[in-house]
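Here the structure is a predicted model, which means the values were calculated and not measured.
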Amino acid sequence: MDDRAMMEASAGTRLALLGESFRRLTGRDLGPDIWSAEAAILAHDTSTPPRFIYGNARTLALFRMTPAQFLGLPSHLSAEPAHREERARMFAKLEADDVVFGYAGVRIAADGTRFRISDAVIWNLVDEAGVRHGQAAWFERVEML
């Protein structure tokens, strides 16, 4: 199974929900092919702790991971311990608003490379019945540190 197929199988029906909920909450479209998008697009589920269920090609390149390494990884491990409090504050805001615009934070790749994301959109994967299936992120602006 290739990388794209592995990610799509992991996301399952939540893959369509990525685009649908983004459009409903932001009024914007992720585009016709989120796997090949220039922006990083990733999502985690509602387990405790939340675990990654999807990352497009840009996401895998930034985090320097294969799908096997990325899928199932607790999403809080994408931020260094010193930056996890900032991430937690963003999720508290997301709990109240369903979408957060302009998020910025530092992330860490599998090889220890650090990068800052900015102007990110974080949103709840909420279906039309109001059931939450996880959260997702979209970001284009990346500064390698």
Side-chain angles (χ1 to χ4, degrees), residues 1-126 132-145:
M1 185 178 295
D2 70 8
D3 291 355
R4 180 182 190 144
M6 196 171 190
M7 286 295 180
E8 290 175 356
S10 171
T13 59
R14 294 169 292 197
L15 188 61
L17 189 56
L18 275 167
E20 292 166 11
S21 58
F22 186 79
R23 190 175 313 105
R24 191 170 52 253
L25 293 166
T26 69
R28 296 168 37 194
D29 192 5
L30 289 176
D33 181 12
I34 66 170
W35 172 256
S36 301
E38 289 184 30
I41 301 168
L42 56 148
H44 66 218
D45 63 13
T46 58
S47 63
T48 303
R51 296 179 181 278
F52 285 121
I53 58 165
Y54 182 81
N56 68 355
R58 176 76 172 134
T59 298
L60 293 178
L62 284 170
F63 284 96
R64 300 178 184 190
M65 292 185 187
T66 65
Q69 293 169 311
F70 189 78
L71 292 173
L73 180 73
S75 61
H76 71 274
L77 297 178
S78 67
E80 293 178 297
H83 298 283
R84 290 182 189 157
E85 187 175 309
E86 158 192 304
R87 183 179 176 274
R89 282 192 301 273
M90 180 274 302
F91 277 111
K93 182 168 175 30
L94 185 63
E95 184 71 29
D97 299 337
D98 276 337
V99 64
V100 172
F101 295 95
Y103 174 73
V106 176
R107 295 294 177 266
I108 186 165
D111 65 359
T113 302
R114 296 168 59 242
F115 57 96
R116 176 178 304 283
I117 63 173
S118 57
D119 292 329
V121 178
I122 316 294
W123 73 99
N124 283 322
L125 297 177
V126 179
R132 185 180 300 161
H133 298 268
Q135 284 94 21
W138 172 99
F139 56 91
E140 287 183 311
R141 296 187 59 194
V142 176
E143 174 191 358
M144 302 310 289
L145 302 175

Ignoring hydrogens and angles, tell me if any N or O in the side chain of [X] forms a donor-acceptor pair with the backbone of [Y] under 3.5 Å.
X      : Y      : result
Asp98  : Asn124 : no
Arg51  : Gly72  : yes
Asp119 : Glu140 : no

Below 4.5 Å, heavy atoms only, C-beta onward: do [X] and [Y] meet side chain to side chain?
X      : Y      : result
Trp138 : Arg28  : yes
Trp123 : Thr26  : no
Leu62  : Phe139 : yes
Leu125 : Leu18  : yes
Arg4   : Ser36  : yes
Phe22  : Ile41  : no
Met7   : Leu71  : yes
Glu95  : Arg132 : yes

Is the shortest side-chain N to carboxylate O distance from Glu20 to Arg24 below 4.0 Å?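 No, Glu20 and Arg24 are not salt-bridged.
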
Side chain to side chain contact (heavy atoms under 4.5 Å, CB included) assessment of Leu94 paired with Tyr103: CA-CA 11 Å; Leu94 185 63; Tyr103 174 73; over 6 Å; no

Spacing of [X] atom [atom1] and [Y] atom [atom2] [to the nearest 0.5 Å]:
X      : Y      : atom1 : atom2 : answer
Ser75  : Gln135 : OG    : CD    : 8.0 Å
Lys93  : Ile122 : NZ    : CD1   : 12.0 Å
Asp29  : Ile34  : CG    : CD1   : 10.5 Å
Glu143 : Ile117 : CD    : CD1   : 12.0 Å
Arg116 : Arg107 : CZ    : CZ    : 10.0 Å
Ile108 : Thr113 : CD1   : OG1   : 8.0 Å

How close do [X] and [Y] get, heavy atom to heavy atom, and via which atoms?
X     : Y      : result
Gly19 : Leu30  : CA-CD1, 3.7 Å
Thr46 : His133 : CG2-C, 3.5 Å
Ile53 : Arg14  : CD1-NE, 3.5 Å

Centre-to-centre under 6.0 Å for Phe63 and Phe115, is that the case here?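 Centroid separation for Phe63 and Phe115: below 6.0 Å.
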
Could you walk me through whether Arg58 and Val142 satisfy the side chain to side chain contact (heavy atoms under 4.5 Å, CB included) test, starting with their C-alpha distance in whole Å, then the side-chain angles of each, then the deciding distance to 0.1 Å, before giving a yes or no? CA-CA 11 Å; Arg58 176 76 172 134; Val142 176; 4.0 Å; yes

Side chain to side chain contact (heavy atoms under 4.5 Å, CB included) partner of His44, the single match among Pro49, Ser78, Pro50, Pro74: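 By the side chain to side chain contact (heavy atoms under 4.5 Å, CB included) criterion, His44 pairs with just one of Pro49, Ser78, Pro50, Pro74: Pro50.
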
The test is side chain to side chain contact (heavy atoms under 4.5 Å, CB included); show your working for Val121 and Val99 and say whether it passes. CA-CA 7 Å; Val121 178; Val99 64; 3.9 Å; yes

Ring-plane angle category for Tyr54 and Trp35, please: parallel below 30°, perpendicular beyond 60°, tilted otherwise.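 Answer is perpendicular, since the angle exceeds 60°.
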
